Amino acid sequence: MSAEATCCALGECGAGRGGAGSVSERLPVSSAPGSAPALVTAPPPSFELKPLPFPSSKYVKLNVGGSLHYTTVQTLSKQDSLLKEMFSGSVEVLTDSEGWVLIDRSGKHFGTVLNFLRDGAVPLPDAPRELQEVQAEARHYRVPGLQEACHTALQQKSAGADAVCRIPMITSPKEEQKLISSCSQPVVKLQHNRSNNKYSYTSNSDDNLLKNIELFDKLGLRFNGRVLFIKDVLGDEICCWSFYGEGRKIAEVCCTSIVYATEKKQTKVEFPEARIFEETLNILIYEGGRGGGVSSAVLEAGGVASALGLLPPEEEDERGGREKRVRRIHVRRHIMHDERPHGQQAVFKD
């Protein structure tokens with residue numbers, strides 16, 4: 001039989017079935033002798049929207065965004081969720097020609113939703129972003145138990161993150177000014193610059209500098225969440241503490257002094273631990289922006305009202321006026337060599 005007769009016979013057969021045998025459904029048709037057979041592509045899958053009143057024991061096939069899952073209607077109907085409505089027959093669902101139920105959602109966390117419906121509990125991911133994704137899926141499928149579990153886990157992680165002590169590092173004077181002025185908490189800044197070695201250091205200066213840095217870390221952990229601690233390694237000062245409240249400097253403790261020895265100058269770093277701790281406690285009156293609401297009587301009882309510039313205007317001196325003053329504590333000791341025997345020196349304080 002020739003190729004034309006074959007095509008004619010197939011066409012008559014398709015016409016006899018009412019057009020069901022379309023060209024795309026036929027076997028490959030033989031072409032002219034010596035040529036390759038013509039390939040016919042399969043038809044695109046067809047989808048149908050209909051209710052699915054499955055019995056409770058029947059397995060169903062789910063295609064969730066390309067992720068394939070097998071389960072039963074009984075599992076999907078354990079809770080009053082969107083999935084129960086889909087497979088109870090009250091809501092029409094989309095199926096393909098192979099019986100897969102198509103759900104237009106990401107299938108990344110659908111297994112977590114399915115396991116929660118099976119067991120009533122499921123291990124949750126550790127990453128907060130993935131927890132939020134699972135919570136979004138639970139909200140879409142209306143599974144309140146899983147949604148509440150994700151919400152609780154996110155709250156715990158948020159509370160745990162608040163307990164982490166974060167200390168910013170100043171990179172420019174402009175950044176420092178903006179950070180201090182915009183912060184509602186009191187601020188303690190430690191400026192230390194070991195590389196600024198204009199003169200040689202005394203024997204115990206390195207140890208005292210390390211003690212200042214260790215005290216800064218301890219105070220940062222103790223008052224975390226109440227005081228903002230920042231570090232500055234850009235300035236000229238070798239070791240200096242600054243205390244800020246309501247965006248302005250309240251006190252300053254400079255731990256550096258110059259020592260004049262017999263032949264050379266030396267840089268000396270002090271460790272006034274008690275003074276630093278006292279100033280840190282004093283700065284707490286500005287916690288939460290409450291500095292303006294503290295009475296002058298309370299401040300006078302603590303001995304800091306005059307230094308903070310919070311006394312009534314009539315009690316301030318002429319030069320101070322209404323200007324806020326800064327309490328500065330500088331350790332400056334100049335040791336001069338004299339004519340005493342070797343090893344004895346005179347100490348002068350200014």
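Predicted, not measured: the structure shown is a model, and the values here were computed from it.
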Could you go through residues 100-112 and list every donor-acceptor pair under 3.5 Å that involves a side-chain atom there, pairing it with any protein atom two or more places apart or in another chain?
residue	atom	partner	partner atom	Å
R105	NH2	E137	OE2	2.9
S106	OG	K108	N	3.4
K108	NZ	E133	OE1	3.2
H109	NE2	E133	OE1	2.7

For T267, which residues count as a side chain to side chain contact (heavy atoms under 4.5 Å, CB included) partner, sequence neighbours excluded? Y199, Y201, I238, T256, I258

Which residues satisfy the side-chain hydrogen bond (donor to acceptor under 3.5 Å, both in side chains) test with S242, sequence neighbours excluded? none

Give, for atom CG of L83 and atom OG1 of T71, the distance between the pair rounded to the nearest 0.5 Å. 9.5 Å

Who are the side-chain hydrogen bond (donor to acceptor under 3.5 Å, both in side chains) partners of N193, not counting sequence neighbours? S195

At their closest point, which heavy atom of P186 faces which heavy atom of Y286, and how far apart are they? CD-O, 3.6 Å

In this structure, SG of C150 is separated from CD of Q155 (nearest 0.5 Å) by 12.0 Å

Quick check: closest heavy atoms across N212 and C239, and the distance to 0.1 Å? CG-SG, 3.6 Å

Going through the distances and angles, do N282 and F243 end up as a side chain to side chain contact (heavy atoms under 4.5 Å, CB included)? CA-CA 9 Å; N282 288 339; F243 304 86; over 6 Å; no

Excluding sequence neighbours, so at least two apart, what forms side-chain hydrogen bond (donor to acceptor under 3.5 Å, both in side chains) with R139? none

Mind listing the closest non-hydrogen atom pair of C255 and W241 along with its distance? SG-CD1, 3.7 Å

Shortest non-hydrogen contact between Y141 and S81, atoms and distance: O-CB, 3.2 Å

The reported gap from CD in Q132 to CD in Q135 (rounded to nearest 0.5 angstrom) is 7.5 Å

Residue set satisfying side chain to side chain contact (heavy atoms under 4.5 Å, CB included) with S181, at least two apart, ordered chain then number -> none

For F271, check ring-ring contact (aromatic ring centres under 6.0 Å, His included) against everything at least two apart and list the hits. none

Under the criterion side chain to side chain contact (heavy atoms under 4.5 Å, CB included), I'd like the reasoning laid out for L62 against F87: C-alpha separation, chi angles, the key distance, then a yes or no. CA-CA 11 Å; L62 303 176; F87 293 94; 3.2 Å; yes

With sequence neighbours left out, what residues match R142 under salt bridge (Lys or Arg N to Asp or Glu O under 4.0 Å)? E85

Once the angle between the rings of F229 and F216 is folded into 0 to 90°, is it parallel (under 30°), tilted (30 to 60°) or perpendicular (over 60°)? perpendicular

In terms of side-chain geometry, is the basic nitrogen of K231 or D217 positioned less than 4.0 Å from the acidic oxygen of its partner? yes

Using the rule given for side chain to side chain contact (heavy atoms under 4.5 Å, CB included), can you reason through L215 versus I276, listing the C-alpha separation, both sets of side-chain angles and the distance that settles it, and then say yes or no? CA-CA 9 Å; L215 178 61; I276 295 170; 3.9 Å; yes

Nearest heavy-atom neighbours spanning S257 and E270: OG-OE2, 4.3 Å

Atom of V143, atom of V113 and distance for their closest heavy-atom approach: CG2-CG1, 4.2 Å

Within residues 171-188 or reaching into it, pairs that qualify as salt bridge (charged side-chain N to carboxylate O under 4.0 Å, His left out) - sequence neighbours excluded: E176-K189

How long is the straight-line distance from NZ of K268 back to OG of S200, given to the nearest 0.5 Å? 13.5 Å

L190-L210 co-clustered via ILVMFWY side chain contacts under 4.5 Å: no

Nearest 0.5 Å, please: how far is CG in D232 from OG in S172? 9.5 Å

Mind checking what makes side-chain hydrogen bond (donor to acceptor under 3.5 Å, both in side chains) contact with N115, not counting sequence neighbours? R118

Any chance you could measure I283, atom CD1, to R226, atom CZ, to the nearest 0.5 Å? 12.5 Å

Would H151 and Q147 count as a side-chain hydrogen bond (donor to acceptor under 3.5 Å, both in side chains) if you check the C-alpha gap in whole Å, the side-chain angles of each, and the deciding distance to 0.1 Å? CA-CA 6 Å; H151 179 71; Q147 186 176 348; over 6 Å; no

Is there a side chain to side chain contact (heavy atoms under 4.5 Å, CB included) between L76 and K84 once you walk through the steps? CA-CA 5 Å; L76 300 175; K84 181 179 180 179; over 6 Å; no

Between the side chain of K157 and the main-chain N/O of D126, is any donor-acceptor distance below 3.5 Å? yes

Salt bridge (charged side-chain N to carboxylate O under 4.0 Å, His left out) contacts in which one or both residues fall within residues 199-216, not counting sequence neighbours: R194-D206

Salt bridge present between R248 and E246 (N-O < 4.0 angstrom): no

What's in the same ILVMFWY side-chain cluster as L228, cut-off under 4.5 Å, chained through other members? I170, L179, I180, V187, I230, Y244

